[in-house]
Amino acid sequence: MGPALLELRDLGVAFHTSRGELPVTRGVSFSVAPGERIGLVGESGCGKTVTGLAIMRLLPAEHIRIRGQVLFEGRDLVTLSAPQMRAMRGRDIGMIFQEPMSALDPVFSIGHQIGEALRAHRAISKAEARERAVHALAQVGIPLPERRHDEYPHQLSGGMRQRVMIAMALVNEPKLLIADEPTTALDVTVQAQITDLLRTLSERTGTALLFITHDLGVVAETCTRMVTMYAGEVVEDAPVDAALMRPRHPYTSGLLRSLPRLAPRRAPLGSIPGRVPAPAEMPGGCRFRARCGHAQPACEAEQAMRVIDTDRRVRCVRADELQLPGAVAMAEAS
């Protein structure tokens, strides 16, 4: 894919608490090439959103500590000053947040908010900002964009508000777009429309996409690579087809077994026993060991990411010997 646009090197986030520093993520390493679409997946609480917010430097600086590097076109975002980072947000890196009704300001019109994102990075007139905002709304499939430009968030449906967020994130033509579960609160039909829109816009504009989600179906339809996180760590990084058809980490396979549409007919729905450990209760060794049906004494040691099959990395000492079911095997069994 060529040189990396974004590269995370041993990224770790710790929160300051009354009991001292509490690590939430550690050793998170992966890269995003120009135009690449990566799905960052895992259960709630695994560190996906914290990683996205750390990249954007949107976590409260007085309450956290960031370790490692976040390299964007070779510049370490962790070391940038607040004004330097503000200049990059929206211009070079855009972000779509999970709940548009909370992200949009209810007292300003849609067009005003998109225009504000433009004027923050470009020396343009209000008339030109309006023209570009209307064009951005049309680009994301909003009907009657000139009328919608003057409306307020409460006047739009959930799907329309999410399209507005996409328009706002893309209006400055960023090189990287981070989408934090943008379809969670939407119905199935609108979810499909939004994911198709993101994929199409990425292909047409060459914008790289980091798609944070727990929906593996969305990843299969939208992304080219899948990065699986568990308990604050990356446990697998592979091309999306390889990860779905032949997962090499038991946790990735467990996520696939939990999908209702892949469960064998008349069989109990698969699930992963237990829960993601709280940050203050992280076990030593493999963090998935207590929930894994393939655990052995070797799993009690700290697990490093290993290169497997030349194009994937896995954090599992048994990755070479395990034959784990993937989406194809489970679909055939059903």
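- Listed by chain and number, the residues in a side chain to side chain donor-acceptor pair (under 3.5 Å) with Arg57 amount to none (sequence neighbours excluded).
- Judged as a side-chain contact (heavy atoms from CB on, under 4.5 Å), and not counting sequence neighbours, the contacts of Pro277 are Tyr230, Ala231, Met282, Pro283.
- Other residues, nucleotides and ligands contribute more than 12 heavy atoms inside 6.0 Å of the CZ atom of Arg204.
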How far apart are the C-alpha atoms of Gln296 and Val317, what are their side-chain angles, what is the distance that settles it, and do they pass the side chain to side chain contact (heavy atoms under 4.5 Å, CB included) test?
CA-CA 10 Å; Gln296 290 188 350; Val317 71; over 6 Å; no

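- The list of side-chain hydrogen bond (donor to acceptor under 3.5 Å, both in side chains) pairs with a residue in residues 134-147, not counting sequence neighbours, reads Arg147-Glu151.
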Applying side chain to side chain contact (heavy atoms under 4.5 Å, CB included), run through Ser202 and Leu177 and close with a yes or a no.
CA-CA 9 Å; Ser202 174; Leu177 179 63; over 6 Å; no

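- Every residue two or more places apart in sequence or in another chain that forms a side-chain contact (heavy atoms from CB on, under 4.5 Å) with Met305 is listed here: Val234, Arg313, Arg315.
- Crowding of Glu131 atom CD: a count of heavy atoms from other residues, nucleotides or ligands under 6.0 Å not exceeding 12.
- Under the side-chain hydrogen bond (donor to acceptor under 3.5 Å, both in side chains) criterion, the residue pairs touching residues 116-127 are Arg122-Asn172, with sequence neighbours excluded.
- Under the rule for a side chain to side chain donor-acceptor pair (under 3.5 Å), the partners of Asp196 that lie at least two apart in sequence or sit in another chain are Arg199.
- Listed by chain and number, the residues in a side chain to side chain donor-acceptor pair (under 3.5 Å) with Gln193 are Arg163 (sequence neighbours excluded).
- Every salt bridge (charged side-chain N to carboxylate O under 4.0 Å, His left out) that Arg26 has, sequence neighbours left out, goes to Glu233, Glu302.
- Using a 4.5 Å heavy-atom threshold, the side chains of Val78 and Gln69 count as separate.
- A pairwise comparison of heavy atoms in Ala167 and Ala136 identifies CB-O, 3.8 Å as the closest pair.
- Between His249 and Thr228 there is no side-chain heavy-atom pair separated by less than 4.5 Å.
- Contact detail for Ala179 and Leu209: the closest heavy-atom pair is CB-CD1, 4.2 Å.
- The two atoms that bring Pro145 and Val134 nearest to each other are CB-O, 3.6 Å, heavy atoms only.
- For the atom pair CD1 (Ile272) and CZ (Arg291), the distance works out to 5.5 Å, reported to the nearest 0.5 Å.
- Annotation for Ala33 and Ala208: closest pair O-CB, 3.6 Å, computed over non-hydrogen atoms.
- Hydrophobic cluster of Val107: the remaining members, joined at side-chain heavy-atom separations below 4.5 Å, are Phe108, listed by chain and number.
- Salt-bridge formation is not detected for the pair Arg67/Asp10: no Lys NZ or Arg NE/NH1/NH2 atom is positioned less than 4.0 Å from an Asp or Glu carboxylate oxygen.
- Of the charged side-chain nitrogens involved, none lies within less than 4.0 Å of a carboxylate oxygen, so that Arg132 and Glu173 do not count as a salt-bridged pair.
- Residues passing the side-chain contact (heavy atoms from CB on, under 4.5 Å) test with Ala319, sequence neighbours excluded: Arg306, Ile308, Val314, Cys316.
- For the side chain to side chain contact (heavy atoms under 4.5 Å, CB included) with Phe211, the qualifying choice from Ile38, Leu40, Leu198, Ile96 is Leu198, the only one to do so.
- The side chain to side chain donor-acceptor pair (under 3.5 Å) test applied to Glu62 returns no partner, not counting sequence neighbours.
- Side-chain contact between Glu43 and Leu255 is present, with at least one heavy-atom pair separated by less than 4.5 Å.
- Minimum interatomic distance between Val41 and Cys46 (heavy atoms only, all atoms of both residues): O-SG, 4.4 Å.
- Residue Asp180 holds its CG atom at 10.5 Å from CG of Leu58, rounded to the nearest 0.5 Å.
- Between Ile194 and Ile166 the shortest side-chain heavy-atom distance falls below 4.5 Å.
- Scanning for side-chain contact (heavy atoms from CB on, under 4.5 Å) contacts around Glu300 gives Arg289, with sequence neighbours left out.
- Using a 4.5 Å heavy-atom threshold, the side chains of Phe288 and Val235 count as separate.
- Scanning all heavy atoms of the two residues, the minimum distance from Gln113 to Pro153 falls at NE2-CG, 4.0 Å.
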